[in-house]
S.K.: 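Take this structure, written in structure tokens, and hold onto it; I'll ask about it next.
Hydrogens, waters and symmetry mates play no part in the numbers below; they use all other heavy atoms, side chains included.
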Amino acid sequence: MSTLFTFKVNKLTLQADGMPEALRYIATPPQELYTVGAPLDELLARPRVAIVGSRKVSPYGREVTVRLARELAERGIVIISGLALGVDALAHQAALDAGGLTIAVLPGPLERIYPASHARLARQIVERGGALVTEYPAGTDTFRWNFIARNRLVSGLSQAVLITEAAEKSGSLHTARFALEQGRDVLAVPGSIFSPTSAGTNNLIKMGAAPVTSYTDVLHALGLEEQAAAARQPHGGTPEEQLLLGLLARGIRDGGTLQLESKLDITQFNQSLTMLELTGKIRSLGAGQWTIN
């Protein structure tokens, strides 16, 4: 059992106002969503791109994924992916390392993180201001078809889908198909014509996907210019500082609540808060209230 349930689980339904508009009108919209972390409406108000690709990633695919995810997250773009092995996990981790925000869409219930080896990554996503999302309630099993169904939510929550590396029959190509059906832009990173791990992305480009060789290509697809992209997210110098920045990004401003939610001892908390203020990453609003600069 994951320790994720120290966090509050939110339930959204298609019949209620809480379901994101981005998912209401896709083919086969989710009837329910279960989320942990920052409110989805806050994250979806920001520019966002899905980054997906092969589970078995080559050194080239690793470098490309990490660089693009980091550079986009540094510029305020929310990174969406599926927490899977390979490209997905690399994209989530690079976004966190850049001090950015990321959303992970799961193929099963929240209490059963899949793969289990990514439970720590899932917790970091929540602690640092992102969110976990699933359409599967607690206690349900995870079946093979859940993974394909999950991909329609990855593309549905995004404004564009970027495939950084994919073999000819990669499962990430399902996400590209869903994106086209949903009217989202499909972007792909070209690779060597001799590399089987780039056959899928090269084929997507031949079929009309926009080639991406720089993060600026993604900004262009999102309708953003470099100077118009959202301000960079501050990056903490220590895990404790990053944890506090994530809580502040979720809208928690009260110092007492910050210390309680962070679970840091009072010495660690005060040291981290002081360093964040001294380095200009946060500022005091008075009366024990804080905000990100």
S.K.: Nearest heavy-atom pair of L96 and L121: which atoms, and what distance?
M.R.: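 Looks like CD1-CD1, 3.8 Å.
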S.K.: When you compare the side chain of L258 with that of F269, does any pair of heavy atoms fall below 4.5 Å?
M.R.: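 The answer is yes; the side chains approach within 4.5 Å.
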S.K.: Where does the angle between the aromatic ring planes of F178 and H174 fall among parallel (under 30°), tilted (30 to 60°) and perpendicular (over 60°)?
M.R.: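 The rings of F178 and H174 sit tilted, inter-plane angle from 30° to 60°.
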S.K.: Looking at side-chain heavy atoms only, is the closest gap between Q159 and D185 below 4.5 Å?
M.R.: no
S.K.: When you measure from the side chain of R75 to the backbone of L72, do you find a donor-acceptor pair of N or O atoms at a distance under 3.5 Å?
M.R.: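 Between the backbone of L72 and the side chain of R75 there is no qualifying donor-acceptor contact (under 3.5 Å).
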S.K.: Ignoring hydrogens and angles, tell me if any N or O in the side chain of R283 forms a donor-acceptor pair with the backbone of E277 under 3.5 Å.
M.R.: no
S.K.: For P109 and P137, work out which heavy atoms get closest and say how close.
M.R.: CB-O, 3.4 Å
S.K.: Per the side-chain hydrogen bond (donor to acceptor under 3.5 Å, both in side chains) rule, what does the pair list look like for residues 88-110, sequence neighbours excluded?
M.R.: S81-D88, H92-T102, Q93-D97
S.K.: Return the minimal non-hydrogen interatomic distance between R55 and F147, and the atom names on each side.
M.R.: NH2-CD2, 4.1 Å
S.K.: Regarding Q182 and S155, is there a side-chain donor-to-acceptor distance under 3.5 Å anywhere?
M.R.: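 Yes.
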S.K.: Short question: side chain of S284, backbone of G286 - any donor-acceptor pair under 3.5 Å?
M.R.: yes
S.K.: Under 4.5 Å between side-chain heavy atoms, counting indirect links through other Ile/Leu/Val/Met/Phe/Trp/Tyr residues: same cluster for V133 and Y114 or not?
M.R.: no
S.K.: Tell me, with the steps shown, if E168 and N203 meet side-chain contact (heavy atoms from CB on, under 4.5 Å).
M.R.: CA-CA 8 Å; E168 191 168 13; N203 285 340; 4.0 Å; yes
S.K.: If you measure from CG on L173 to CZ on R177, what distance do you get to the nearest 0.5 Å?
M.R.: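 That separation rounds to 10.0 Å.
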S.K.: So do the side chains of S158 and V49 get within less than 4.5 Å of each other, counting heavy atoms only?
M.R.: no
S.K.: Is R128 reaching over with its side chain to a backbone N or O of R123, donor-acceptor style, under 3.5 angstrom?
M.R.: no
S.K.: On a heavy-atom basis, which atom in A176 and which in V186 lie closest, and how many Å separate them?
M.R.: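 In terms of heavy atoms, the two residues are closest at O-CG2, 3.7 Å.
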S.K.: Examine V161 and I205 and state if one hydrophobic cluster contains both, with Ile, Leu, Val, Met, Phe, Trp and Tyr joined whenever side-chain heavy atoms are less than 4.5 Å apart.
M.R.: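 Shared cluster, no.
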S.K.: Quick one, E32 with K11, criterion salt bridge (Lys or Arg N to Asp or Glu O under 4.0 Å). Give me CA distance, side-chain angles, the key distance, then yes/no.
M.R.: CA-CA 7 Å; E32 298 174 341; K11 179 180 178 180; 3.4 Å; yes
S.K.: Side chain of Q289, backbone of G255: donor and acceptor closer than 3.5 Å?
M.R.: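 Checking the backbone N and O of G255 against the side chain of Q289, no donor-acceptor pair under 3.5 Å is found.
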S.K.: With I282, which of L245, L244, T291 fulfils side-chain contact (heavy atoms from CB on, under 4.5 Å)?
M.R.: L245
S.K.: Hey, are the side chains of V189 and T201 touching, using non-hydrogen atoms and a 4.5 Å cut-off?
M.R.: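 A side-chain contact is absent here, since even the closest heavy-atom pair is not under 4.5 Å.
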S.K.: Could you tell me if the side chain of I26 sits less than 4.5 Å from the side chain of L153, heavy atoms only?
M.R.: yes
S.K.: Can you confirm whether the side chains of E165 and T197 place a donor and an acceptor under 3.5 Å from each other?
M.R.: yes
S.K.: Supply the atom-to-atom distance S272 OG to Q259 CD, rounded to the nearest 0.5 angstrom.
M.R.: 11.0 Å
S.K.: Looking at S58 and G61, would you say the former's side chain and the latter's main chain have a donor-acceptor pair under 3.5 Å?
M.R.: yes
S.K.: Calculate, to the nearest 0.5 Å, the distance between atoms CD and OG1 belonging to E135 and T35 respectively.
M.R.: 13.5 Å
S.K.: Can L44 and I103 be said to form a side-chain contact (heavy atoms from CB on, under 4.5 Å), step by step?
M.R.: CA-CA 10 Å; L44 299 181; I103 299 172; 4.1 Å; yes
S.K.: Using the rule that two of Ile, Leu, Val, Met, Phe, Trp, Tyr join whenever any of their side-chain heavy atoms come within less than 4.5 Å, decide whether Y136 and I125 are in one cluster.
M.R.: no
S.K.: Does T65 use its side chain to pair, donor to acceptor, with the backbone of R62 at less than 3.5 Å?
M.R.: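 Side chain of T65 to backbone of R62: no pair is present.
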S.K.: Roughly how far, to the nearest 0.5 Å, is the CD1 atom of I80 from the CG atom of L43?
M.R.: 8.5 Å
S.K.: Does the side chain of L110 reach to within under 4.5 Å of the side chain of L106, using non-hydrogen atoms?
M.R.: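 Yes, at least one pair of side-chain atoms sits under 4.5 Å.
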S.K.: Mind checking whether I252 and I266 sit in one hydrophobic cluster, side chains of I, L, V, M, F, W, Y counted as touching below 4.5 Å?
M.R.: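 Shared cluster, yes.
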S.K.: Please check if the side chain of S214 supplies one atom and the backbone of D217 the other of a donor-acceptor pair under 3.5 Å.
M.R.: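 Checked: no pair found.
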S.K.: Using every non-hydrogen atom in the two residues, find where G156 and A22 come nearest and quote the distance to one decimal.
M.R.: O-CB, 3.4 Å
S.K.: Kindly confirm or rule out a cation-pi arrangement of R67 over Y215, judged by NZ or CZ under 6.0 Å from the six-membered ring centre and within 45° of its axis?
M.R.: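 No, a cation-pi geometry is absent between R67 and Y215.
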S.K.: Given 3.5 Å as the limit, does a donor-acceptor pair link the side chain of N202 with the main chain of G191, or not?
M.R.: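 Answer holds: yes.
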S.K.: Return the minimal non-hydrogen interatomic distance between L83 and A122, and the atom names on each side.
M.R.: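 Between these two residues, the closest heavy atoms are CD2-CB, 4.1 Å.
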S.K.: Might you work through the side-chain contact (heavy atoms from CB on, under 4.5 Å) test for I79 and L101, ending with a clear yes or no?
M.R.: CA-CA 7 Å; I79 305 301; L101 299 171; over 6 Å; no
S.K.: If I take atom CD1 from residue I113 and atom OG1 from residue T142, how far apart are they, to the nearest 0.5 angstrom?
M.R.: 10.0 Å
S.K.: Do T213 and P190 make a side-chain contact, defined as non-hydrogen atoms from C-beta onward lying under 4.5 Å apart?
M.R.: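 Yes, at least one pair of side-chain atoms sits under 4.5 Å.
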S.K.: Give the C-alpha distance, both sets of side-chain angles, the deciding distance and a yes or no for side-chain contact (heavy atoms from CB on, under 4.5 Å) between H118 and L85.
M.R.: CA-CA 8 Å; H118 288 171; L85 298 169; 3.8 Å; yes
S.K.: With rounding to the nearest 0.5 angstrom, report the CG to OG distance, L204 to S170.
M.R.: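 These two atoms lie 9.5 Å from each other.
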S.K.: Contact between L68 and L162 at the side-chain level, heavy atoms closer than 4.5 Å - yes or no?
M.R.: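 Sidechains of L162 and L68: in contact.
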S.K.: Is there a path of hydrophobic side-chain contacts, each under 4.5 Å between heavy atoms, that joins M19 and L40?
M.R.: yes
